[in-house]
Amino acid sequence: MQMGYRQGGASGLGLRRMLVDEYGNHKQILETNQHKNIASDRVILVSGPHHEVDTVLRIYNLYVREKLSVISIVKLLNSEGITTDRGTVWTDDTITSILQNEKYIGNNIYNKKTAKLKSGLRKNKEEDWIRTNRCFEPVVPPRLFYVARKIFESRTVFKTDEQLISDLEKIYQKYGYITSKKIDEAKFTYCPCTYHKRFGHLSIAFQLAGYTKKKHSTCEIIEGLRKALKVNGRLSTSIVKDDKNTPGYHACSVLFNGIDNAYLIAGYSAIKCTDEEMIGLLKKALKKHGRLSAPIIDMDKTLPSRGSIAYRFGSLANAYDKVGYKRQSMSATEMIEGLKSLLQINGRITNKMVSECPYLPATYVLVKQWGSMANAFRFAGYIPPIKTDEELLNGVRNLLLEKGKLSKKLIREDKNLAHPCTYVNRFGSIENVYKKVVYKKRIPKKILIDGLKRVLEKHGKITNNLIDEEPSIPSREYYSKVFGSLSKAYKLAGFRGHYMSDKEMLSRLKKLLKREGRLSKSIITKAGNLPSGKTYGQRFGGVLSAYKLIGYSKS
């Protein structure tokens with residue numbers, strides 16, 4: 001090891017295993033699954049093919065110089081059809097391995113992990129590693145490697161036990177309970193397996209967060225199932241799992257010796273299809289749709305789920321054979337025609353549309369045929385509009401002004417904006433986008449006040465309606481949240497407001513009644529020359545009191 005010999009394992013992208021004799025003379029390159037057969041021979045690492053070395057260097061340049069994230073690099077390489085040294089697609093782990101493995105700067109490291117008898121694999125301390133530096137020619141310049149490592153460490157967030165428990169406490173305060181599903185849904189928490197590894201069990205982590213899972217009695221479980229049955233009209237695994245009044249599918253199954261017994265006690269008899277009945281339903285669906293596919297099964301409410309069908313017959317393909325349906329592989333022309341019809345219906349094409357379309361194959365089939373979804377879209381005559389960096393950022397700025405905040409979810413839900421992945425690919429990370437549009441989780445107060453000053457200069461006054469109508473500033477609710485009240489924001493913008501006497505307020509209310517024929521809070525609020533309905537209520541002890549004073553009876 002200290003002489004630079006390789007102990008075992010794959011060489012990796014950009015490297016190859018070279019067989020050398022006892023004197024260090026090179027004999028041959030060992031291919032995959034080839035091993036030395038002479039005891040005195042040894043194996044060292046050497047540079048691999050030029051195209052692989054170029055790919056490794058490109059990954060480092062994308063990560064360090066162009067500041068792309070690991071996920072962005074994965075998507076970029078996969079979209080270009082570049083594969084790993086094993087011919088597989090890129091993943092987060094493969095990119096991370098290349099960025100972190102010291103073999104790319106000529107170092108050999110051994111004894112990083114240990115697996116003793118009857119024990120799992122565990123990491124050794126760094127002082128226990130057996131290291132040999134610069135034992136072969138590096139593929140990546142050492143300076144570039146260490147810069148990449150420093151960037152990686154700065155981007156990696158490690159949470160302490162206290163921080164993990166604090167995240168669980170937030171979930172508990174919001175919902176009143178904690179489950180694995182809620183942990184998965186929360187964007188600020190790690191996955192449930194992290195809590196399991198860190199604390200030994202999820203229930204221990206729940207207890208540390210102040211939540212003790214309630215133990216349901218038999219009567220409470222049955223009552224919960226009956227309530228779920230009343231609400232949904234039926235019972236199923238997914239309904240029981242999502243219902244917080246029941247302990248969960250597994251607990252019900254164990255307690256009643258089978259979930260079906262629990263259903264029966266709760267008063268629900270699940271209708272089970274025999275194999276013949278299920279085949280009959282599939283035949284009807286085939287006759288109706290002309291073909292069968294996973295999307296068609298999901299859309300057809302008369303059919304069981306595709307998971308149930310696959311479980312019953314071993315796979316969907318076996319089920320298709322039972323009904324006499326042979327899946328015909330679509331030709332490239334048929335796929336393009338299907339994409340064209342989808343484009344004609346919707347005016348655009350997205351991956352989600354293709355996945356949900358019953359007459360098109362899965363997206364991976366199209367990627368396999370044309371190399372990427374973008375190429376398939378081009379053959380169908382659809383070229384997604386490519387926006388400049390400034391156009392993308394302007395869209396985010398408009399969203400920020402409208403909502404008062406930014407998040408991936410808001411960007412994803414806005415139909416006028418590109419997908420968050422597009423922003424990550426273009427700018428390296430979503431945080432870089434936030435920096436470019438000057439967003440720090442909250443719009444600076446100076447910018448908010450400047451916006452109100454523009455409204456005051458334009459109209460000579462500031463009202464709730466004028467704020468709502470002005471597209472360049474956030475909503476009035478956002479102003480009220482930041483400054484405590486709208487009146488405080490108005491004062492900071494230099495507008496003190498015009499005080500109306502009771503007589504003037506009632507006089508304007510009479511004119512509004514004469515114009516509209518009736519009165520309501522919404523009508524008062526929409527009228528630009530009147531205070532809000534809330535102001536009338538505060539001044540006269542209620543909006544109805546103001547109505548009575550002008551002789552209007554709401555009936």
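Computed from a prediction, not measured in an experiment: that's the story for all the values here.
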Item to check | side chain to side chain contact (heavy atoms under 4.5 Å, CB included) between I183 and L202, worked out | outcome: CA-CA 11 Å; I183 295 173; L202 272 175; 4.3 Å; yes

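- At a threshold of 4.5 Å between non-hydrogen side-chain atoms, the residues L77 and V89 do not count as touching.
- When side chains are defined from C-beta on, F379 does not count as touching L339, because their heavy atoms never get closer than 4.5 Å.
- For CD of E80, the number of neighbouring non-hydrogen atoms (other residues, nucleotides, ligands) closer than 6.0 Å is greater than 12.
- Scanning all heavy atoms of the two residues, the minimum distance from I309 to L316 falls at CG2-CD2, 4.0 Å.
- Considering only heavy atoms from C-beta on, L393 comes within 4.5 Å of F427 through its side chain.
- Two residues are said to be in side-chain contact when any heavy atoms from C-beta on lie closer than 4.5 Å; L168 and F206 meet this criterion.
- A heavy-atom distance below 4.5 Å is not found between the side chains of F495 and V455.
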Checklist entry - Please walk me through it: do L399 and I411 pass side chain to side chain contact (heavy atoms under 4.5 Å, CB included)? => result CA-CA 8 Å; L399 178 65; I411 294 172; 4.0 Å; yes

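- Scanning all heavy atoms of the two residues, the minimum distance from V140 to L57 falls at CA-CD2, 4.1 Å.
- Partner of V433 under the side chain to side chain contact (heavy atoms under 4.5 Å, CB included) criterion, chosen from V396, D389, L392: V396.
- For T94 (side chain) and W90 (main-chain N/O), no donor-acceptor pair under 3.5 Å exists by modelled atom type.
- Of all the heavy atoms in Q100 and R149, the pair that sits closest is O-NH2, 3.3 Å.
- Looking at every heavy atom in both residues, A376 comes nearest to I336 through O-CD1, 4.0 Å.
- Summarising the geometry of A205 relative to Y195, their closest heavy-atom pair is CB-CD2, 4.1 Å, with the distance given to 0.1 Å.
- The side-chain heavy atoms of L456 and Y490, taken from C-beta on, include no pair separated by under 4.5 Å.
- L13 places a side-chain heavy atom less than 4.5 Å from the side chain of Y104.
- Residues K445 and F483 are in side-chain contact: their nearest non-hydrogen atoms beyond the backbone lie under 4.5 Å apart.
- Distance NZ/K458 to CZ/R454: 10.0 Å, rounded to 0.5 Å.
- To the nearest 0.5 Å, atoms OH (Y547) and OG (S520) are separated by 5.5 Å.
- Counting heavy atoms of neighbouring residues, nucleotides and ligands inside a 6.0 Å radius, atom CG of L286 exceeds 12 of them.
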Checklist entry - How far apart are the C-alpha atoms of Y63 and L68, what are their side-chain angles, what is the distance that settles it, and do they pass the side chain to side chain contact (heavy atoms under 4.5 Å, CB included) test? => result CA-CA 5 Å; Y63 190 73; L68 291 186; over 6 Å; no

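- Residue T160 comes nearest to R198 through the heavy atom pair C-NH1, 3.7 Å, listed as atom of the first residue, atom of the second, then distance.
- For the residue pair R58/N61, the side-chain donor-acceptor check at 3.5 Å is not satisfied.
- Summarising the geometry, atom OG belonging to S203 is positioned 11.5 Å from atom CD1 belonging to I178; distances are rounded to the nearest 0.5 Å.
- Under the 3.5 Å distance criterion, the side-chain polar atoms of T96 are matched with a main-chain donor or acceptor of D92.
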Next on the checklist: For F199 and I165: C-alpha separation, side-chain torsions, deciding distance, then whether side chain to side chain contact (heavy atoms under 4.5 Å, CB included) applies.
Outcome noted: CA-CA 10 Å; F199 300 101; I165 295 301; 3.6 Å; yes

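- Taking the ring axis of Y175 as reference, the NZ or CZ atom of K182 stays within 45° of it and closer than 6.0 Å to the ring centre.
- The residues K453 and E457 are annotated as not salt-bridged, no charged nitrogen and carboxylate oxygen being separated by less than 4.0 angstrom.
- How far CD1 of I98 is from CD1 of I73: 9.5 Å, rounded to the nearest 0.5 Å.
- Between the E52 side chain and the P49 main chain, no donor and acceptor come within less than 3.5 Å of each other.
- Rounded to the nearest 0.5 angstrom, I462 CD1 and L452 CG are separated by 5.0 Å.
- Note that the CD atom of E391 and the CG atom of L417 stand 12.0 Å from one another [nearest 0.5 Å].
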